[in-house]
Amino acid sequence: MYRCKECTRKFETPKKVVETHGQIAPPFEVFYVCPFCKSTNYERIAVSFCRCCGRRLNNSEDLYCNDNCRLNAIKLKHKEELRKQSLIKNPLNVLMREVEKYNNEHHTKYSYGQYIAIIKPKLGGNKNDR
């Protein structure tokens, strides 16, 4: 989105102008102007979108287009947090972090299977941990 500093109108794309200066072959002068007043004095303005539905916002100070989107975004964020927590607590992921920690501390490169078969019994891991 652009805004002309001369006529203060907003437009999607500037108009392309090719000036030939009487030449029949390139190089031609190419420049872009406001489609309304033909001024080259325009600026690009940031367009903001609703963080939930993606609708273009008129007021760039707000993050959501309405209260429904705001509530949906809160629900989605809560669902995502629950999903992340379930992944963190997953026993397989817990064990993979344990393998990674052991490898970093002891400068080894044991795989998950090697760690379970060789290292875990030596560390006192009982059979119920598997």
Side-chain angles (χ1 to χ4, degrees):
M1 182 72 80
Y2 297 88
R3 184 179 63 82
C4 180
K5 293 180 180 180
E6 299 293 326
C7 67
T8 67
R9 292 178 74 177
K10 292 180 182 177
F11 50 95
E12 289 293 324
T13 55
K15 182 179 177 184
K16 181 178 179 180
V17 176
V18 179
E19 183 63 49
T20 61
H21 297 291
Q23 302 291 327
I24 57 172
F28 299 134
E29 183 180 6
V30 177
F31 54 95
Y32 296 87
V33 298
C34 169
F36 303 106
C37 69
K38 311 296 187 246
S39 169
T40 57
N41 190 13
Y42 59 87
E43 64 185 350
R44 185 178 200 124
I45 56 173
V47 177
S48 56
F49 298 92
C50 176
R51 291 196 176 181
C52 185
C53 69
R55 184 180 298 152
R56 182 180 289 191
L57 298 175
N58 294 333
N59 185 0
S60 61
E61 298 163 4
D62 198 11
L63 300 176
Y64 304 101
C65 59
N66 57 39
D67 289 335
N68 288 337
C69 280
R70 186 181 316 281
L71 293 174
N72 285 338
I74 291 170
K75 289 177 187 175
L76 288 171
K77 187 175 181 180
H78 180 68
K79 258 178 111 170
E80 180 64 15
E81 287 297 320
L82 291 176
R83 188 189 70 81
K84 284 181 182 179
Q85 287 177 5
S86 69
L87 285 176
I88 289 171
K89 293 177 183 177
N90 183 318
L92 184 59
N93 290 334
V94 170
L95 193 54
M96 291 304 296
R97 285 192 300 273
E98 186 179 321
V99 172
E100 187 176 349
K101 181 180 175 185
Y102 181 87
N103 282 334
N104 287 337
E105 289 176 355
H106 295 89
H107 305 292
T108 57
K109 293 183 180 179
Y110 288 115
S111 68
Y112 167 80
Q114 291 170 326
Y115 181 80
I116 294 297
I118 301 168
I119 305 302
K120 189 85 167 168
K122 291 180 185 177
L123 295 176
N126 57 22
K127 293 179 182 178
N128 295 334
D129 286 347
R130 292 183 192 176

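- Other residues, nucleotides and ligands place no more than 12 heavy atoms under 6.0 Å from the CD atom of Glu100.
- Annotation: side chain of Pro14 is in contact with side chain of Tyr42 (closest heavy-atom distance under 4.5 Å).
- Residues Arg70 and Tyr64 share a closest heavy-atom pair of NH1-CD1, 3.4 Å.
- With rounding to the nearest 0.5 Å, the separation of CZ in Arg56 from CZ in Phe49 is 5.0 Å.
- No chain of hydrophobic side-chain contacts below 4.5 Å, direct or via other Ile, Leu, Val, Met, Phe, Trp or Tyr residues, connects Leu71 to Leu82.
- Although no hydrogens or angles enter the test, the distance criterion places no donor-acceptor pair under 3.5 Å between the side chain of Arg9 and the main chain of Cys37.
- The minimum heavy-atom distance between Leu95 and Lys120, with the atom names listed, is CD1-NZ, 4.1 Å.
- Put simply, the side chain of Asn93 gets close to the backbone of Leu87: a donor and an acceptor are under 3.5 Å apart.
- Side-chain contact between Val17 and Lys38 is absent, with no heavy atoms from C-beta onward closer than 4.5 Å.
- The side-chain heavy atoms of His78 and Ile74, taken from C-beta on, include no pair separated by under 4.5 Å.
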Intermediate values then yes/no, side-chain contact (heavy atoms from CB on, under 4.5 Å), Met1 and Glu12 | CA-CA 5 Å; Met1 182 72 80; Glu12 289 293 324; 3.4 Å; yes

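- When all heavy atoms of Cys69 and Cys53 are compared, the pair lying nearest together is SG-SG, 3.7 Å.
- Residues Leu123 and Leu92 are members of one and the same hydrophobic cluster, defined by side-chain heavy-atom contacts under 4.5 angstrom among Ile, Leu, Val, Met, Phe, Trp and Tyr.
- Atom CZ of Phe36 sits about 12.0 Å away from atom NZ of Lys10, to the nearest 0.5 Å.
- When all heavy atoms are compared, the tightest approach of Phe31 to Glu19 is CE2-CB, 4.1 Å.
- Expressed to the nearest 0.5 Å, how far CG of Leu57 lies from CG of Asn66 amounts to 9.5 Å.
- Proximity of Arg51 to Leu76: side-chain heavy atoms (C-beta onward) are nowhere separated by under 4.5 Å.
- Contact between Gln114 and Lys109 at its shortest, heavy atoms only, is OE1-O, 3.9 Å.
- Two residues are said to be in side-chain contact when any heavy atoms from C-beta on lie closer than 4.5 Å; Tyr115 and Thr108 fail this criterion.
- Interatomic distance, OH of Tyr102 versus CD1 of Ile119, reported as 4.0 Å (0.5 Å rounding).
- Within 6.0 Å of the CZ atom in Arg97, the count of heavy atoms belonging to other residues, nucleotides or ligands exceeds 12.
- Of all non-hydrogen atoms in Arg3 and Phe11, the two that sit nearest each other are C-CE2, 4.4 Å.
- Distance check: Gln23 CD to Phe28 CZ gives 7.5 Å after rounding to the nearest 0.5 Å.
- The pair Glu80-Arg83 meets the salt-bridge criterion, with a side-chain N (NZ, NE, NH1 or NH2) lying under 4.0 Å from an Asp/Glu carboxylate O.
- Going from atom CG of Leu63 over to atom SG of Cys50 covers 8.5 Å, rounded to the nearest 0.5 Å.
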